Structure formats: structure tokens, C-alpha cells
Peer 1: 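One structure, pasted below without further comment.
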Amino acid sequence: MSNSAKKRLDYLDVSKVLAIYLVTFAHCAQVLCGEKFPTLLVSKDSFISVNMAIFMIASGFVMNLDKMKATPLKDYILQKAFRLLLPMTTWYAVMCVVTRSVPNAPTYWSLYWYLGAMFVCLSLIKLLTTVTSSTFLVCVLSVLILTLMPMISFERSCYMMPFLWVGYGLRHIIDRINIFPIVFLLIIYAVLYYFWDINYSIYVSPFHIWNADAHAILALLFRFAIGTIGGVGIICLLRMLISHRAFAWLKSVAKYGPYTLGFYTMSFVLNAILVRVLWHTNWFISKPGWLDLASLVVTTLMMILMYWIQKMLEKNKISGALFLGLFQADSVPTKEGRNARRDGQGE
């Protein structure tokens with residue numbers, strides 16, 4: 001898989017685009033109906049079961065341990081801080097200006113928890129690679145360390161770490177996965193999806209090993225199972241579909257894959273603006289069906305707008321660094337240079 005680090009994989013990019021669309025769709029629905037967990041497609045925020053798992057599995061798929069080991073610890077952590085934490089801080093500052101308020105630190109981390117979790121996971125893996133050269137030990141220790149920590153400030157990191165390693169393992173076997181295991185995985189996911197309940201989510205039932213009860217353990221196992229089975233099944237399905245002529249159009253979707261970090265960080269700002277508008281007009285949608293339709297329309301318009309804004313920002317080195325995390329010294333405002341600097345593949 002060494003060549004895959006040098007060339008983007010279309011099916012991974014399409015997987016990430018699907019995941020970020022579901023994330024944005026769910027957030028838009030929350031804003032449009034004024035509820036934390038709106039009813040979408042019959043289930044209570046059912047997209048939570050798989051969307052973030054897809055992101056983490058895709059990141060683990062392209063995790064380059066050899067490159068990670070060759071990079072000095074300080075340099076690696078600084079690179080990830082600039083790549084992940086700087087854009088979310090910049091967009092958070094923009095949101096504070098737009099809303100004319102300064103939410104507290106827990107709100108800051110809860111909004112962008114995925115990027116905080118990614119930073120913690122990758123930094124810990126890098127730290128462990130300086131202690132042992134065994135990939136197996138790094139995997140086991142990284143999961144155990146985060147699981148055993150009582151109440152880490154970067155919440156939900158212990159939940160995301162296993163998905164990172166699922167993706168890393170998937171990279172080594174994906175060439176041997178054909179249609180039959182894919183169908184099997186998707187059937188199992190559909191069954192688990194039927195039994196999905198918002199109480200199984202990390203938002204309602206966070207897991208801390210020192211005060212875990214039976215419900216917390218059940219929720220942990222269920223969301224890991226549905227996230228892994230659904231995430232792996234969807235990524236493998238897209239890999240199979242994109243190779244067929246009938247689904248060649250998916251390759252045009254892949255071009256948005258390098259922009260998922262920007263979609264994620266910027267969407268909170270746009271949703272904050274939307275909240276202000278809705279509160280002033282007192283116009284909320286709570287009726288199922290209409291909420292789905294309105295959320296689809298608003299999400300699509302937001303994605304188009306966010307893509308256009310990113311295309312503008314990346315043309316300038318300073319704005320690209322502050323808002324998009326494109327900070328490498330050898331960066332140039334060309335298509336090839338921008339894609340090489342973006343998130344996801346070749347970590």
C-alpha cells in the first residue's frame with residue numbers, strides 16, 4: 001500500500017464526503033427544529049451510529065506509521081496542532097465574532113470534539129512509536145491508555161481510538177474483500193441500525209472505566225459494533241461501486257474529499273448564523289418529513305457555499321494556514337500542491 005500514500009483513493013474521499021454530509025445534515029436538522037436530537041428518517045439522530053466512525057476508519061486506513069516514526073516527536077505534534085487545532089480555533093473565533101459572544105472552554109471542545117480526539121489519538125500513537133517498534137503493542141497500549149484515563153479533557157478520544165486501528169487493519173485486507181462479506185456486513189449493520197437508540201450514543205452514554213455500569217458497557221460495545229460494521233461495510237461498498245462504469249460519477253464526488261476538514265469546522269459558524277436567524281423569525285420545523293426535506297436543501301446549499309469559501313481561502317498562504325490548516329513551507333497555490341497538503345490520506 002505504499003503507493004496509496006502518494007495518490008488519493010477515490011473511494012476514501014467519497015466515504016468522507018458522505019460522512020461529512022451526514023454530519024452537516026444532522027447539525028442542520030438540530031438547528032431547524034430547535035432540538036438536540038431530532039427525529040430523522042424514523043430514528044433519533046441515527047447518523048451518529050456511523051458518521052464519525054467512517055472518518056476515523058478512513059484516517060486509520062491511511063495512517064503511515066513509517067513516516068510517523070521518522071518524524072521527530074516535537075515536529076509531528078506541532079504539525080498536527082497546526083493542521084487540526086489551528087483551523088478549529090480560527091473558525092471558533094469567527095463564530096464568536098458572528099454571534100457576539102464568547103462561549104466557555106467546554107463549549108469550544110464540545111463543538112470540535114472530533115478534531116480534539118484525532119489530535120490526542122495521533123499524538124499518543126506517535127509518542128508510543130518512540131517507545132516500541134511493535135505496531136501491535138502501539139495499538140494495544142494506545143487503546144488501553146485512553147480507556148484507563150479517568151476523565152480526559154479531550155472528551156471521547158477513548159471512543160475514537162479503536163476505529164483508527166480498525167482502519168489501519170482494513171488497509172491490509174481490503175483487496176481480499178469481495179461482494180459477499182460486504183453484503184453480510186451491510187445486512188448486520190441494517191439489523192443493528194433497527195435497534196439503534198440515541199441512548200447508545202457517546203453523547204448520552206459516555207464511557208469512563210472507573211465509573212462504568214452495565215448500561216455504559218453495553219452502549220460502548222453496541223456503538224463500537226455498529227460503527228465498525230457500518231463504517232467498514234460502507235467504505236468497502238463504495239470501493240466496489242466506484243470501479244464500475246455505472247457509478248463512475250462517484251469519482252466527481254471524490255474531489256470534495258480533501259475539503260472535509262473545512263466543511264466540518266466552517267459548518268458550525270454557518271449553523272450559528274442560522275440559529276440567530278431562526279430565533280429572530282421564530283421559524284422552526286418540527287414535523288418529520290418536512291424537517292428531512294428542509295435539512296437536505298439547507299445542507300446542500302451550505303456544502304456548496306463552504307466549498308466555494310475554501311477555494312477562495314486556499315489561494316492565499318496565510319488564510320489557507322489559519323482557516324484550513326495548510327501550513328507546510330513548500331505549499332503553493334496550485335491544485336496539486338493544495339491536494340498534497342490536505343487532510344486524510346498519507347498521514
Side-chain angles (χ1 to χ4, degrees), residues 1 4-5 12 16 19 50-85 88 109 112-174 201-202 205-212 216-217 219-232 235 261 343-347:
M1 295 298 295
S4 65
L12 279 187
K16 294 197 299 178
V50 74
N51 51 21
M52 286 307 185
I54 291 176
F55 276 126
M56 212 66 175
I57 291 171
S59 297
F61 192 98
V62 296
M63 186 166 59
N64 190 330
L65 289 182
D66 291 332
K67 181 180 178 181
M68 185 184 291
K69 293 173 182 177
T71 305
L73 177 62
K74 179 181 177 182
D75 293 345
Y76 184 84
I77 292 178
L78 285 176
Q79 288 173 10
K80 293 307 169 187
F82 277 107
R83 181 72 186 108
L84 301 171
L85 304 186
M88 80 179 196
W109 291 120
Y112 295 110
W113 70 267
Y114 169 75
L115 296 181
M118 175 66 80
F119 176 77
V120 169
C121 291
L122 291 176
S123 298
L124 178 58
I125 291 173
K126 168 57 187 174
L127 178 63
L128 291 174
T129 61
T130 65
V131 177
T132 176
S133 59
S134 170
T135 300
F136 176 76
L137 279 179
V138 172
C139 172
V140 173
L141 290 174
S142 62
V143 173
L144 282 178
I145 289 173
L146 287 186
T147 302
L148 292 174
M149 292 188 73
M151 299 289 263
I152 55 178
S153 57
F154 286 93
E155 57 186 357
R156 308 181 184 104
S157 298
C158 60
Y159 163 62
M160 301 305 291
M161 179 68 88
F163 292 121
L164 199 65
W165 288 108
V166 167
Y168 184 81
L170 177 63
R171 180 177 69 183
H172 296 84
I173 64 172
I174 195 167
S201 73
I202 189 68
S205 302
F207 180 81
H208 300 291
I209 194 168
W210 301 111
N211 59 358
I217 295 174
L220 172 71
L221 296 176
F222 188 89
R223 62 175 170 257
F224 178 70
I226 194 172
T228 299
I229 293 171
V232 171
I235 290 174
L261 187 147
D343 64 305
Q345 300 179 27
E347 284 291 350

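For reference, positions follow the sequence shown, starting with 1. Since we're looking at a predicted model, the values are computed, not measured.
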Peer 1: To the nearest 0.5 Å, what is the distance between CG on Leu141 and CG on Leu146?
Peer 2: 11.0 Å
Peer 1: side-chain hydrogen bond (donor to acceptor under 3.5 Å, both in side chains): which pairs involve residues 125-134, sequence neighbours left out?
Peer 2: none
Peer 1: When rounded to the nearest 0.5 angstrom, what distance separates CD1 in Ile235 from CZ in Phe61?
Peer 2: 8.0 Å
Peer 1: Would you please test Met56 and Met118 for side chain to side chain contact (heavy atoms under 4.5 Å, CB included) and show each step?
Peer 2: CA-CA 8 Å; Met56 212 66 175; Met118 175 66 80; 3.6 Å; yes
Peer 1: How would you list, by chain and number, every residue that makes a side-chain contact (heavy atoms from CB on, under 4.5 Å) with Ile77, sequence neighbours excluded?
Peer 2: Leu73, Phe119, Ser123
Peer 1: Under 3.5 Å, side-chain donor or acceptor atoms of residues 221-229 against the rest of the protein: list the pairs with distances, not counting sequence neighbours.
Peer 2:
{"from": "Arg223", "atom 1": "NH1", "to": "Tyr200", "atom 2": "O", "distance (Å)": "2.9"}
{"from": "Arg223", "atom 1": "NH1", "to": "Ser205", "atom 2": "O", "distance (Å)": "3.0"}
{"from": "Arg223", "atom 1": "NH2", "to": "Ser205", "atom 2": "O", "distance (Å)": "2.9"}
{"from": "Thr228", "atom 1": "OG1", "to": "Phe224", "atom 2": "O", "distance (Å)": "2.8"}

Peer 1: What are the two closest heavy atoms between Arg83 and Leu261, and how far apart are they?
Peer 2: O-CD1, 3.7 Å
Peer 1: So Tyr114 and Met88, do their side chains get closer than 4.5 Å, heavy atoms only?
Peer 2: no
Peer 1: Looking at residues at least two apart in the chain, or sitting in another chain, which of them share a side-chain contact (heavy atoms from CB on, under 4.5 Å) with Thr135?
Peer 2: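 For Thr135 the side-chain contact (heavy atoms from CB on, under 4.5 Å) partners, ignoring immediate neighbours, are Leu65, Lys69, Trp165, Tyr168.
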Peer 1: Does any non-hydrogen side-chain atom of Leu122 lie less than 4.5 Å from one of Met63?
Peer 2: yes
Peer 1: With side chain to side chain contact (heavy atoms under 4.5 Å, CB included) as the test, would you mind laying out the steps for Leu84 and Tyr112 before giving the verdict?
Peer 2: CA-CA 10 Å; Leu84 301 171; Tyr112 295 110; over 6 Å; no
Peer 1: Looking only at non-hydrogen atoms, find the nearest pair between Leu128 and Val138 and report the distance.
Peer 2: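 Between these two residues, the closest heavy atoms are CD1-O, 3.7 Å.
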Peer 1: What are the two closest heavy atoms between Cys121 and Leu164, and how far apart are they?
Peer 2: CB-CD2, 4.1 Å
Peer 1: Minimum heavy-atom separation for Ile57 to Val232, with atom names?
Peer 2: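 Taking every non-hydrogen atom into account, CD1-N, 4.1 Å.
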Peer 1: To the closest 0.5 Å, what do you measure between CG (Leu124) and OG (Ser142)?
Peer 2: 6.0 Å
Peer 1: Could you grab the distance from atom CG of Asn64 to atom CZ of Arg171, nearest 0.5 Å is fine?
Peer 2: 6.5 Å
Peer 1: Looking only at heavy atoms, what is the nearest atom pair of Val143 and Thr147, with distance?
Peer 2: O-OG1, 2.7 Å
Peer 1: Who pairs with Ala19 by side-chain contact (heavy atoms from CB on, under 4.5 Å), at least two apart in sequence or on another chain?
Peer 2: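 Ala19: side-chain contact (heavy atoms from CB on, under 4.5 Å) contacts with Ile54, Phe55.
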